[in-house]
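Take a look at the structure below.
In what follows, chains are A, B, ... by sequence order, proteins preceding strands, each numbered from 1.
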Protein chains: 2
Amino acid sequence: MRMKPSDISLKVCSYSHVLEIISDKWTALVIYSLENGTIRYGEINRRIEGISQKMLTQTLKQLERDGLVNRKVTPSVPPIVEYTLTPLGETLIPYMKMLKDWASEHYSAVRKAREEYDLGGTETIVR
Amino acid sequence: MRMKPSDISLKVCSYSHVLEIISDKWTALVIYSLENGTIRYGEINRRIEGISQKMLTQTLKQLERDGLVNRKVTPSVPPIVEYTLTPLGETLIPYMKMLKDWASEHYSAVRKAREEYDLGGTETIVR
DNA sequence: CGGCATCCTCCGAGATACTG
DNA sequence: CAGTATCTCGGAGGATGCCG
């Protein structure tokens, strides 16, 4: 199968597939909070700074739908809902750690580049 | 062993830092198109299916600001504008390839999980 | 406790037209 | 060719209130 030059598509590209899964605003942080095992809804809510109930619920539902997270309900009073990474979800962890490593190593450079860009902004033109 | 429970923050977490850079809708695809070397604006525009001029320009500007992409203007008539990954930008490639690998390996499982979820939806309850 | 329903706001991003 | 400029609309996402 030959690759046409115009073949880069949102729908086909694997890059997009991953990002489709983890690139939502809160998804990565939620996965991160599940990294060390089972944890309750409220606990996630408390640990992720600034997330709203709505977004947490929505994000968890997404992750559950994608088969990355398992949801276990204990119908006591009050109810207990626990979330865990599925085996599939756990396969993601090393890859996310790598991304984290990239950031640890290079993010300062990005920040610096931004500062310089924001300062001058016009010096791209050769004089 | 307990860190501050509220320690996961959008602003602090490295995961977020990477995603802040590559998670915009088109960013990954643009980087992807630059993977093999210098390329002109119009060429990128043609290669990425469905991207608008506005979003392409915006995405490229972001990437330039982040120091990941270099923009070279040749003020001829008509003008030629070429984009290249910077060394910093190139450091990202292996990591993105890894994400791609993850998708190649596991995306079918995700798709399957979605189908099952969308079918039943009620299977989480133990009966 | 762990949601879902509702309302509301803001801005991401597509479409279109113009320019150096 | 490689962008800006402007308008518009849908939907992301916060706030609030109710429920099992």
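- Electrostatic pairing of B/Arg46 and B/Glu43 counts as a salt bridge here, judged by a charged N lying under 4.0 Å from a carboxylate O.
- Taking the six-membered ring where the residue is Trp, A/His17 and B/Tyr107 present parallel rings, their angle staying beneath 30° rather than reaching 60°.
- Straight-line distance from the CG atom of A/Leu56 to the C1' atom of C/dC4: 14 Å, rounded to whole Å.
- C/dG14 atom P lies 13 Å from atom CD of B/Gln53, rounded to whole Å.
- Dashed line: the shortest gap from a side-chain N or O of B/Arg71 to OP1 or OP2 of D/dG3 is under 4.0 Å.
- Regarding B/Lys25, its NZ atom lies at a distance of 9 Å from the C1' atom of C/dG12, rounded to whole Å.
- For the pair B/Tyr41 OH and D/dC1 P, the computed distance is 12 Å after rounding to whole Å.
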Review item, side-chain donor-acceptor pairs of residues 89-99 of chain A, under 3.5 Å, at least two apart:
| unit_1 | atom_1 | unit_2 | atom_2 | d |
| --- | --- | --- | --- | --- |
| A/Thr91 | OG1 | A/Leu88 | O | 2.5 |
| A/Thr91 | OG1 | B/Trp102 | NE1 | 3.0 |
| A/Lys97 | NZ | A/Glu35 | OE2 | 2.8 |

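- For C/dG3, one of the phosphate oxygens OP1 or OP2 lies less than 4.0 angstrom from a side-chain nitrogen or oxygen of A/Tyr83.
- Residue A/Val81 places its side chain closer to C/dG3 than to any other of D/dA2, C/dG3, D/dG14.
- We find that B/Asp66 and A/Arg111 are not joined by a salt bridge, their nearest charged nitrogen and carboxylate oxygen being 4.0 Å or further apart.
- Remark: P of C/dG3 and CG of A/Leu60 are 7 Å apart, rounded to the nearest angstrom.
- A sub-4.0 Å separation between OP1 or OP2 of C/dG2 and a side-chain N or O of A/Lys72 is absent.
- The separation between A/Lys54 atom NZ and C/dC4 atom C1' is 11 Å, rounded to whole Å.
- Ion pair A/Glu64/A/Lys61 not flagged as a salt bridge, since none of the NZ, NE, NH1 or NH2 atoms sits closer than 4.0 Å to an Asp/Glu carboxylate oxygen.
- Rounded to an integer number of Å, the gap from B/Arg47 CZ to D/dA2 C1' is 18 Å.
- An OP1 or OP2 oxygen of D/dC1 is reached within less than 4.0 angstrom by no side-chain nitrogen or oxygen of B/Arg40.
- As rounded to whole Å, 11 Å separates atom C1' of C/dG3 from atom CG of A/Asn45.
- Note on B/Trp26: a side-chain N or O is less than 4.0 Å away from OP1 or OP2 of C/dG14.
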